[in-house]
Number of protein chains: 2
Amino acid sequence: MTESRADAPRHETAGRMARVLVVDDEPQLVRALTINLRARKYEVDAAHDGASALHLAATRHPDVIILDLGLPDMDGVEVISGLRGWTRVPVIVLSARHASDEKVEALDAGADDYVTKPFGMDELLARLRAAVRRATPADEEDVVVETGALTFDLAAKKVRRDGSDVRLTPTEWHVLEVLVRNSGRLVTQRQLLQDVWGPSYETETNYLRVYMAQLRRKLEKDPAHPRHFITESGMGYRFER
Amino acid sequence: MTESRADAPRHETAGRMARVLVVDDEPQLVRALTINLRARKYEVDAAHDGASALHLAATRHPDVIILDLGLPDMDGVEVISGLRGWTRVPVIVLSARHASDEKVEALDAGADDYVTKPFGMDELLARLRAAVRRATPADEEDVVVETGALTFDLAAKKVRRDGSDVRLTPTEWHVLEVLVRNSGRLVTQRQLLQDVWGPSYETETNYLRVYMAQLRRKLEKDPAHPRHFITESGMGYRFER
DNA sequence: TTGGGGCGTCAGGACTTCGTCAACGGACGC
DNA sequence: GCGTCCGTTGACGAAGTCCTGACGCCCCAA
């Protein structure tokens, strides 16, 4: 009965199933969660300490993070702060402590939800769905952006140029996506580097030069004089439709 | 101790304090919540049944709703569904029922959080802050300032003059931004130098002369007789729209 | 009238940032 | 084990930006 509605609501992001990062130092709990989540078609990554949690968050870009507060290497609130410096990904805190002030601390540090152990798997999954749903922008339809010759389908991860598909590498796509989602707005080099490569790459501006060049070569009519992928020297880049 | 951090994080939306709609049929609880919330500078509306809750949600546009599931006139989940048809306002559910399936039901109906009675006021307030914080970026402050021929979009870092984009260098932007954010007010040379170049450049007034000239050349119709970028001799500069 | 302070303008050189290319090495499939 | 694809580096000239000093104007006070 409690099981029946487990897969009822959508819990996907932009077409694919949501990716979950599970952070806990108890292997058994991680295992149980992983099995349950995979059974519901989530993609699951797991970390057993704070350091690898932050690293995985940066490299894998999960759609939601389940975070145990009792980690061996760092305080759970520190992990939250470390995440909130550069991302707003939903964080659901797990903790054995019922103490009110710990809840308050975690929530004010930027956590989105707080579940005390032992918890019901159904409830956790429901809270997970709620977190993913919240984080998914309402404009799910609005993911097709068009310019004269270019068409981006952000949901399907497809780019067409003059009617034929263009192949992009994962990183190229990621850069493109950030720019297109901020269509018309200036995106700072910092934000691009953080969004695509993670917070520790903030200064690797040559990555951007390489990938902007590749995007222009694949998408611009005259790559040397770009019309859509504009450089704002010293500040960042801008996608102009 | 648990009280001390109550007003620490911001819980405002676009400058004003957040508006909360409290929905519960127990007058005592409504009263207690109202007092606590008002003490923390929230604006509070209260409803004691589902029908008036829906009505108040529509007319008062709260930033967050605290909703008791045990209402006299309708099921709590129906209220959530009624809301979700047209708004994504965060809903925090209160309930005396600990049953897991009820939580799942409410969350899947579109609730954002679920707190069981009896609850700690600190915890509820923390969850409230989390909900407001999450929802805030939706109305990303679109700082657009317009004068006759000029349009500044501070968020997108875009300037248009007579309909066509104007390119500014990073420093030019920085100067412009300080002036425009203080639209109509005099900005002293000192403040400009400090904001743009840093505290150790307070006396380099010739920087200002150079950059004001460049801004005028790019933005004024008659740079020699500026209309918007006004010099207040001996004091500073002023942007007049 | 004269001198000086504050301001606007201009242009060149130092410096930073950008675009481009080529090469390396790991991951993956065949 | 071999080729391919992809991400990462480093190097270089080109382009863009910033600072600086010089000069002239205007206004006001001496």
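Letters go in sequence order (proteins before strands), and every chain restarts at 1. Not measured: the values here are computed from a predicted model.
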Taken to the nearest whole Å, CG/B:D222 to C1'/C:dG8 is 13 Å

key: Contact under 4.0 Å: A:R209 side-chain N or O vs C:dT17 OP1/OP2   = no

State whether A:E172 and A:R217 are salt-bridged, where the test is any N-O pair (Lys NZ or Arg NE/NH1/NH2 against Asp/Glu carboxylate O) under 4.0 Å. no

message = Side-chain N or O of B:W197 versus OP1/OP2 of D:dC19: is the shortest distance under 4.0 Å?
response = yes

In whole angstroms, the gap separating C1' of C:dA22 from CZ of A:R217 amounts to 12 Å

**Request:** Check whether any side-chain N or O of B:Y211 sits under 4.0 Å from OP1 or OP2 of D:dC19, and answer yes or no.
**Result:** yes

- [ ] Return no unless some side-chain N or O of A:Y237 is found under 4.0 Å from OP1 or OP2 of C:dG19.
- [x] yes

Here the distance between atom P of C:dT17 and atom CD of A:E204, to the nearest Å, is 14 Å

Is any NZ, NE, NH1 or NH2 atom of the basic residue among B:R216 and B:D222 found under 4.0 Å from an Asp or Glu carboxylate oxygen of the other? no

key: Main-chain N/O of A:V44 paired with A:R38 side-chain donor or acceptor, under 3.5 Å   = yes

Margin query: C:dC7, OP1 or OP2 - any side-chain N/O from B:Q189 closer than 4.0 Å?
Written below: yes

Winner on side-chain proximity to A:P170, out of C:dT20, D:dG10, D:dC6, is D:dC6

Any side-chain N or O of B:T231 below 4.0 angstrom from OP1/OP2 of C:dC7?
no

- Query: Does A:R167 place a side-chain N or O at less than 4.0 Å from the phosphate oxygens OP1/OP2 of D:dC6?
  - Reply: yes

Taken to the nearest whole Å, CG/A:N206 to P/C:dT17 is 13 Å

note: B:L208, atom CG; C:dC7, atom C1'; distance rounded to Å ~ 11 Å

Between the NE2 atom in A:H61 and the CG atom in A:L56, the distance rounded to the nearest 0.5 Å is 11.0 Å

Which of B:R88, B:R133, B:R84 passes salt bridge (charged side-chain N to carboxylate O under 4.0 Å, His left out) with B:D112? It is B:R84

Check: For D:dC18, does either OP1 or OP2 sit under 4.0 Å from a side-chain N or O belonging to B:T169?
Finding: yes

note: A:L192, atom CG; C:dT17, atom P; distance rounded to Å ~ 17 Å

Side-chain contact check for B:V210: nearest option of D:dC6, C:dG8, D:dT20 is D:dT20

Atom OH of B:Y207 and atom C1' of D:dC19 are separated, to the nearest Å, by 6 Å

To the nearest angstrom, the CE-P distance between B:M212 and C:dC10 comes to 16 Å

